[in-house]
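In what follows, chains are A, B, ... by sequence order, proteins preceding strands, each numbered from 1.
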Amino acid sequence: MILALLEHQARHGYEIGKLIAERSEGVVRFHVASLYPLLYRLERRGWVRGEWETAGGRRRRFYRLTASGRKTLADQRVRWRSFSRAVNRIVEVRYA
Amino acid sequence: MHNWKELVRVRLMPLPLEATRREEIIEELAQQLEGAYNEAVAGGASDSEALHRSLAQFKDWEDLRRGVFRAVKAEELPVWEQNGILSPRRPVVWIALTLSCALLGLFGFRQALGTLSVPFGKNPWADRLLSSSSLSKIERQALAQGDSRALAFVALHHPDINEAAGAAEKAIALDPRLTWISARFAQAHPPEFDPASWIARLKTWDPDNAFPYLLQADQAFNPRSFGGAWERRGARLAPPRAIAFESDFRLPMEKAFAAPRYDTYGAQRFELDRAVLQQQGWDRPDLLMLSVESQPIPNLNAARSYAEYLVMDLGESAGKAGRKEEAFAQYQTAAQFGARMQQGTSLIERLIGMTIRQHAYEHLVPLLRQAGHAEEAALLDTSLTDIHDAFAAEAAQRSWGEIAAGRAASLVFFSGVLVVALGLAALGWLAVVVVLRWKENASSLLNWFASVARLAPPALLLAGLWFYSAYYPFMRHVSQFESGEQLARDLLPFWDSLAWMNGGFGLNMLVWPAVWCMAVAVLGAITLHWVAMRRRAEARHQE
């Protein structure tokens with residue numbers, strides 16, 4: 001999810017947390033306390049890169065996808081689509 | 001205006017990262033707090049309410065601190081930097097460890113730990129405490145001190161029968177009242193060891209006792225002579241009774257059944273074992289019980305066969321031939337012997353004694369009625385009812401006792417295994433924590449182990465208390481037992497169940513396979529970890 005949120009633009013931690021809550025309309029509950037360790041782990045793996053930038057007059061740490069992160073996101077999307085299609089085929093079947 | 005960075009710093013320190021990285025993380029988390037606070041204020045919340053909501057985002061700062069460190073460094077926070085309740089910096093874990101060690105000061109706990117050797121050991125009595133070397137040491141001390149009882153103890157338990165015989169000679173020479181220990185050698189079979197002289201000695205020393213004669217008869221009741229007797233008599237008689245026609249067996253049996261006493265020296269042996277165990281500092285009822293269990297008793301099947309011979313061959317034949325007095329005498333001999341055997345120290349002797357009596361009474365009652373002795377017949381009828389009741393009571397008592405003891409043994413066994421496993425983990429944790437205190441960056445693997453195993457000391461305390469309380473009902477000093485019978489009644493079902501755990505679960509056979517599996521699992525984990533690290537390094541390199 002985090003990789004997807006960073007696909008088109010760099011975002012800071014607070015924004016990522018807000019976006020997950022908003023876009024999932026509260027269905028996905030993402031605890032903020034686990035967001036930052038997760039971001040640092042993604043950074044360590046080289047999938048995202050964090051940089052300090054100034055926006056709106058204040059310094060924030062923005063995260064953006066690396067090439068490796070983009071490739072991982074593509075792989076995970078393929079897997080997710082395949083998985084969700086399989087689940088849909090099971091749960092959407094109508095019996096006559 | 002709140003100092004958000006300070007708020008985070010106070011809660012997140014110490015965070016042993018590079019200073020720049022640490023400050024970045026503090027600033028980023030401070031921004032998260034500030035953002036949530038501003039949003040709450042904009043929503044109409046008061047300052048304190050907004051602050052509360054903001055801080056509520058991070059309920060467990062210790063967990064966050066560990067999570068951040070793990071995410072950044074790919075390893076656990078150094079164990080001596082952890083602030084959790086089970087961190088070595090907190091007294092709780094040390095108190096738990098101290099109390100766990102203090103449990104060792106309890107006699108019952110030490111005795112309970114000793115019980116674990118029963119299910120795991122092949123034969124703890126022979127293999128561990130009473131090994132040849134420990135018995136030889138006792139023998140040397142006993143000779144130096146002129147201690148006849150300790151020598152007799154060696155004679156009774158030494159695994160080498162010739163060494164045991166040597167100790168027995170010395171013990172009897174010092175105190176002839178210990179001649180009863182000769183019984184140990186009376187059940188050996190030639191050519192390895194000739195028991196004849198020991199049986200003869202016992203008969204001379206205790207001529208009124210049936211036991212030496214029964215032992216002598218046992219020598220004839222071995223498969224070879226038994227088989228020969230059966231072949232000679234054909235299939236006319238049931239095999240065990242056929243041997244009664246052999247004089248080597250019948251003559252000593254006649255004397256045994258005529259002897260006024262039946263004593264397998266169980267009481268003497270029990271007292272001697274108990275005294276020497278106490279003298280040696282082995283306050284272990286399990287060892288005392290194993291001693292009682294290993295006590296030689298005559299071949300009760302042979303005695304029962306001879307009783308059947310008296311009743312069914314001699315008595316019935318005489319009765320059919322009209323020689324009622326002779327038949328009465330044969331039944332009476334069998335019944336009296338059964339009554340004497342019933343006074344024996346072991347359950348099996350009591351049961352076989354009752355069986356012999358019962359069989360003899362069942363023949364006596366009609367004979368007495370025919371002879372017009374109705375009152376005596378009624379009296380024996382009452383005795384027969386008593387015997388039936390005694391059998392039923394014995395069966396019921398054993399059945400309930402065995403169920404309860406089996407459940408208790410399961411608790412003792414599983415809690416004991418847990419104590420051993422957690423004890424080893426706690427020892428490992430202690431060693432690693434000490435090493436890491438001395439050298440903080442000794443190894444990330446050691447640090448990981450110390451972090452994971454931090455649960456071991458408090459878990460050990462809980463398991464230790466469980467183990468102690470599970471064993472508590474069976475905790476005894478050997479001095480508290482007055483007889484082997486009492487010991488067997490109180491503890492035998494429990495120890496039998498405990499020993500069954502070994503056979504039932506095959507744990508003794510699983511120890512080494514388990515060690516191998518663990519070794520393979522550890523090697524596999526290390527290999528997987530190495531492969532994963534290498535793949536990550538390659539990915540970074542490509543990036």
Side-chain angles (χ1 to χ4, degrees), chain A residues 1-3 5-7 10-23 26 28-76, chain B residues 1 4-5 8 11-12 15 17-18 20-40 42-43 53-77 444 532-543:
Chain A
M1 283 190 296
I2 290 173
L3 295 179
L5 289 173
L6 300 176
E7 188 179 15
R11 297 182 194 278
H12 53 78
Y14 187 74
E15 188 184 2
I16 294 170
K18 295 279 291 175
L19 276 174
I20 291 174
E22 281 169 20
R23 289 195 185 175
V28 177
R29 284 174 172 267
F30 200 83
H31 207 280
V32 174
S34 54
L35 170 65
Y36 289 93
L38 185 53
L39 282 170
Y40 303 151
R41 201 175 307 131
L42 295 177
E43 196 173 7
R44 179 168 49 78
R45 286 181 183 171
W47 294 351
V48 303
R49 190 173 56 247
E51 282 169 335
W52 289 94
E53 292 172 15
T54 306
R58 58 182 306 179
R59 215 168 84 97
R60 282 197 180 272
R61 188 169 171 82
F62 281 85
Y63 293 90
R64 50 176 51 86
L65 274 189
T66 62
S68 168
R70 213 167 283 283
K71 185 173 172 297
T72 304
L73 175 62
D75 289 346
Q76 291 190 351
Chain B
M1 191 66 182
W4 298 106
K5 283 176 75 170
V8 174
R11 287 165 174 76
L12 212 59
L15 189 60
L17 292 173
E18 189 190 334
T20 319
R21 186 73 182 110
R22 185 171 58 228
E23 286 307 310
E24 283 181 345
I25 289 168
I26 289 171
E27 187 175 349
E28 199 173 11
L29 294 174
Q31 287 175 3
Q32 176 70 35
L33 288 181
E34 189 180 0
Y37 171 84
N38 290 338
E39 197 176 304
R53 278 194 221 167
S54 172
L55 288 173
Q57 294 178 104
F58 303 108
K59 284 178 187 162
D60 188 344
W61 285 88
E62 176 60 16
D63 190 48
L64 177 66
R65 199 164 71 92
R66 293 180 62 186
V68 165
F69 186 86
R70 202 183 299 123
V72 173
K73 300 286 282 185
E75 60 186 54
E76 288 292 331
L77 188 65
S444 60
M533 295 289 282
R534 221 178 137 172
R535 285 174 70 178
R536 269 181 218 161
E538 280 172 9
R540 276 198 207 108
H541 184 68
Q542 281 171 4
E543 174 73 14

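- You'll find the side chain of B/Lys73 stays beyond 4.5 Å of the side chain of A/Arg44, heavy atoms only.
- Contact residues of residues 53-63 of chain B toward chain A are B/Gln57, B/Phe58 (heavy-atom distance under 4.5 Å).
- With a 4.5 angstrom heavy-atom cutoff, A/Arg58 touches chain B only via side-chain atoms.
- Contact annotation: the side chain of A/Arg60 never approaches that of A/Glu53 to less than 4.5 Å [non-hydrogen atoms, C-beta and beyond].
- Neither the backbone nor the side chain of B/Arg66 comes within contact range of chain A, judged by heavy atoms closer than 4.5 Å.
- Counting only heavy atoms from C-beta outward, the side chains of B/Ile25 and B/Val8 never approach each other to under 4.5 Å.
- Annotation: maximal heavy-atom pairing with chain A below 4.5 Å, among B/Glu24, B/Glu27, B/Glu28, occurs at B/Glu28.
- The pair A/Glu51-A/Arg49 meets the salt-bridge criterion, with a side-chain N (NZ, NE, NH1 or NH2) lying under 4.0 Å from an Asp/Glu carboxylate O.
- Considering only residues two or more places apart in sequence or on other chains, A/Phe62 meets the ring pair (Phe, Tyr, Trp, His ring centres under 6.0 Å) condition with A/His12.
- For the pair A/Tyr40 and A/Glu43, the minimum side-chain heavy-atom distance is below 4.5 Å.
- For chain B, no part of A/Lys71 is nearby; none of its heavy atoms comes within less than 4.5 Å.
- The pair B/Arg70-B/Glu75 does not count as a salt bridge, with every side-chain nitrogen at least 4.0 angstrom from each carboxylate oxygen.
- In this structure a side-chain-to-backbone donor-acceptor pair under 3.5 Å is missing from A/Arg64 to A/Val48.
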